[in-house]
Protein chains: 2
Amino acid sequence: MQEHILVVDDDNDVLELLEYTLRSAGYDVLGFLNTKHVREVLAQERIDLILMDRSLPDIEGSLYVEMLRSKNINIPVIFLSGKDSQEEIKSAFLKGADDYMTKPFDVEELLLRVKAVLRRSNSQTKEVVQNLEYKDIALDLNLQKVRIQDQDVSLTKLEAALLKLLIQNRGRVLDREYLLKKVWKNSQNIHQKTVNVAIKRLKEKIDPSNNKEYIKTIRGVGYMMA
Amino acid sequence: MQEHILVVDDDNDVLELLEYTLRSAGYDVLGFLNTKHVREVLAQERIDLILMDRSLPDIEGSLYVEMLRSKNINIPVIFLSGKDSQEEIKSAFLKGADDYMTKPFDVEELLLRVKAVLRRSNSQTKEVVQNLEYKDIALDLNLQKVRIQDQDVSLTKLEAALLKLLIQNRGRVLDREYLLKKVWKNSQNIHQKTVNVAIKRLKEKIDPSNNKEYIKTIRGVGYMMA
DNA sequence: ATTTTATGTCACCTGATTGTAATATTTCTG
DNA sequence: CAGAAATATTACAATCAGGTGACATAAAAT
């Protein structure tokens with residue numbers, strides 16, 4: 001999957017250079033001239049690395065990173081700075097930097113350092129898939145199977161995605177349009193009837209004798225799990 | 001737990017300075033004047049970080065690291081070097097460096113960079129280059145061999161890396177994206193289908209008669225052991 | 001430099017999955 | 001209860017995911 005890099009630099013020329021360079025190297029780049037909206041973005045997007053100028057209009061970059069670290073946001077940070085004194089560099093590391101480059105920097109070296117930092121930090125992100133439960137159904141999203149009353153049933157990708165959504169939204173009716181958007185994602189021109197069939201197939205898997213009523217049909221609307 | 005740092009520098013004065021500095025900072029330090037016994041040490045001890053001079057008597061430091069990386073030894077490395085040209089620095093990163101400091105260096109900055117690298121890599125490289133077992137498979141990572149029911153089978157680099165990852169994550173499904181990142185590392189533009197072929201070849205090696213089911217395919221997701 | 005080995009890619013095959021359309025059944029309304 | 005609308009069921013074709021063997025290139029060994 002593409003890696004996402006957030007860049008903050010108040011010099012528009014430098015920012016554009018960084019954006020261009022990183023995009024050319026295949027990264028997804030979000031560039032900002034100040035830190036105003038950075039918190040929101042971090043809350044909403046998956047960011048793998050932050051490149052940050054130190055001298056920003058609103059706040060000193062390393063102070064901002066120190067604040068992030070204090071909020072337990074441990075995304076790797078590489079500082080870019082015109083200041084190259086030992087003291088400046090050391091204080092940046094103390095505030096949570098992963099690397100520090102002084103301007104003017106060689107873009108190739110920057111790319112290599114970016115890569116090096118990502119290599120170390122990424123593998124740390126072993127996503128732990130949480131499993132969901134509903135009544136006597138235990139959905140294992142890792143193995144894509146359900147355990148129902150000590151019976152293991154394996155699901156297909158589609159079935160697993162459907163069941164996950166239903167369990168996550170238990171008590172809420174999910175209409176076909178919503179299901180198509182969430183489960184079938186970008187696929188174009190999928191008929192709403194397709195949902196009916198998919199639900200039917202899922203029902204058959206998790207309740208072959210058809211006496212459990214895990215999934216309820218809400219006529220005229222969609223489906224739900226009680 | 002105390003962290004173990006291996007230092008290689010052919011200048012005895014520098015080596016002693018590094019040993020003293022790092023020990024004072026609470027690390028366990030193993031110092032060497034050349035790379036002769038490094039491989040053995042790596043095989044026996046848990047090493048968390050390597051500090052390496054580039055100009056060594058027996059081999060250029062970055063070439064040595066490149067060799068280690070090619071053997072799937074991914075312990076973080078910080079280079080120390082008198083050479084400060086862009087080309088030198090870039091080539092070091094290309095060969096697998098995590099950071100690069102030019103001599104003469106500020107010891108405090110060195111300590112901070114050491115700390116930064118260790119912070120990122122810690123959870124990852126906790127294990128010694130150890131041998132792993134799974135059922136009746138014993139994987140020897142140093143010799144790149146498996147012993148299966150008293151049969152020695154030699155593996156390729158790729159096969160060993162794959163099998164290592166699978167065994168380490170037994171019970172967990174590893175998807176193709178994850179495998180590409182961990183096993184194929186930085187290589188760009190590798191097709192996900194390539195994983196299928198690699199797994200197939202590994203299966204063939206460790207289970208020629210194809211009746212053991214060591215590696216299970218989870219359709220739509222990836223592969224797992226157990 | 002030559003030979004061998006390792007590895008990525010491709011084409012093809014198989015079986016599983018899934019969308020669709022045709023048909024049956026249920027549910028709702030009057 | 002009849003008729004219409006919604007949903008369930010079934011069958012079938014298209015697609016897809018993964019396995020397999022062949023081949024070309026890259027890497028390693030000699």
Side-chain angles (χ1 to χ4, degrees), chain A residues 143-145 153-163 173-177 179-224, chain B residues 63 66-72 95 143-146 153-163 173-177 179-224:
Chain A
L143 303 179
Q144 270 186 198
K145 61 177 192 179
V153 183
S154 75
L155 299 177
T156 71
K157 225 159 132 179
L158 188 83
E159 288 161 352
L162 247 184
L163 185 56
V173 184
L174 306 180
D175 61 46
R176 291 179 178 74
E177 193 191 337
L179 289 171
L180 281 178
K181 192 161 73 187
K182 287 290 214 176
V183 177
W184 278 260
K185 309 237 155 70
N186 40 11
S187 324
Q188 292 301 312
N189 305 325
I190 300 282
H191 300 196
Q192 297 223 335
K193 298 252 185 194
T194 297
V195 178
N196 300 16
V197 181
I199 289 276
K200 192 246 166 193
R201 284 168 178 157
L202 175 58
K203 278 180 176 173
E204 220 166 77
K205 277 253 181 90
I206 63 178
D207 181 19
S209 53
N210 192 25
N211 53 12
K212 283 294 208 168
E213 287 238 332
Y214 291 121
I215 300 172
K216 239 168 104 179
T217 304
I218 312 298
R219 194 187 163 82
V221 191
Y223 300 91
M224 74 178 288
Chain B
L63 287 178
E66 185 177 39
M67 181 277 289
L68 289 179
R69 297 284 187 248
S70 81
K71 303 274 185 210
N72 270 306
K95 290 183 166 53
L143 300 175
Q144 279 188 17
K145 273 185 182 177
V146 273
V153 182
S154 76
L155 298 178
T156 71
K157 206 169 72 191
L158 188 80
E159 288 161 353
L162 249 183
L163 185 56
V173 181
L174 307 180
D175 60 45
R176 292 180 178 71
E177 191 192 331
L179 290 171
L180 281 178
K181 191 153 76 184
K182 295 283 266 190
V183 177
W184 279 261
K185 310 227 160 68
N186 40 11
S187 331
Q188 213 67 117
N189 304 325
I190 300 280
H191 299 196
Q192 298 222 333
K193 293 248 185 194
T194 297
V195 178
N196 301 17
V197 180
I199 289 274
K200 185 230 168 202
R201 286 169 177 159
L202 175 59
K203 278 181 176 173
E204 222 164 73
K205 277 252 181 92
I206 62 177
D207 181 20
S209 53
N210 192 26
N211 53 13
K212 284 295 209 166
E213 288 237 334
Y214 291 121
I215 300 172
K216 225 170 119 183
T217 305
I218 312 295
R219 183 176 243 265
V221 190
Y223 300 91
M224 74 176 290

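When reading the values below, keep in mind they use all heavy atoms of this one structure, side chains included, and skip hydrogens, waters and symmetry mates.
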How many Å lie between CG on B/Leu162 and C1' on C/dT7, as a whole number? 12 Å

Search all heavy atoms of A/Leu155 against all heavy atoms of A/Ala160 and return the closest pair with its distance. CD1-CA, 3.9 Å

Does D/dA6 have OP1 or OP2 sitting under 4.0 Å from an N or O in the side chain of A/Thr217? no

From CD of A/Gln144 across to P of C/dT17 the rounded distance in Å is 10 Å

For B/Ile218 and for A/Gly220, locate the closest nucleotide of DNA chain D by heavy-atom distance; then report the residue assigned to the nucleotide nearer the 5' terminus. A/Gly220

When you check every protein heavy atom under 4.0 Å of nucleotides 20-30 of chain D, what one-letter string (B, S, -) results, 5' to 3'? SSB-----S--

Write down the distance between CG (B/Asp175) and P (D/dA17), rounded to a whole number of angstrom. 14 Å

Could you tell me how far apart A/Ile199 (CD1) and D/dT9 (P) are, to the nearest whole angstrom? 12 Å

Does a distance-only test, which skips hydrogens and angles, find a donor-acceptor pair under 3.5 Å between the side chain of A/Arg219 and the base of C/dT27? yes

Given the structure, check if the side chain of A/Lys193 and the base of C/dG19 hold any donor-acceptor pair shorter than 3.5 Å. no

If you check the B/Thr194 side chain, which of C/dA6, C/dG8, C/dG19 turns out closest? C/dG8

Between D/dT7 (P) and A/Gln192 (CD): distance, integer Å: 10 Å

Among C/dC10, C/dG19, D/dA6, which nucleotide sits nearest the side chain of B/His191? C/dC10

Any side-chain heavy-atom pair from B/Ile215 and B/Leu202 closer than 4.5 angstrom? yes

In whole angstroms, the gap separating P of C/dA16 from CD of A/Glu159 amounts to 14 Å

Between A/Asn189 and A/Lys205, which residue's closest nucleotide on DNA chain C lies nearer the 5′ terminus? A/Lys205

Could you work out how much the helix from C/dA1-D/dT30 to C/dG30-D/dC1 bends, comparing the axis of its first five pairs with that of its last five, to 10°? 40°

For A/Tyr223 and D/dA8, is the shortest distance between a side-chain N/O and OP1 or OP2 below 4.0 Å? yes

Atom CG of B/Leu202 and atom P of D/dG19 are separated, to the nearest Å, by 12 Å

Looking at every heavy atom in both A/Leu143 and B/Ile218, which two are closest together, and how far apart are they? O-CG2, 3.6 Å

Gap between atoms CH2 and P, on B/Trp184 and C/dA6 respectively (whole Å): 15 Å

Describe the nucleic acid contact of A/Leu155 in one word from base, sugar-phosphate, nothing, applying a heavy-atom distance below 4.0 Å. nothing

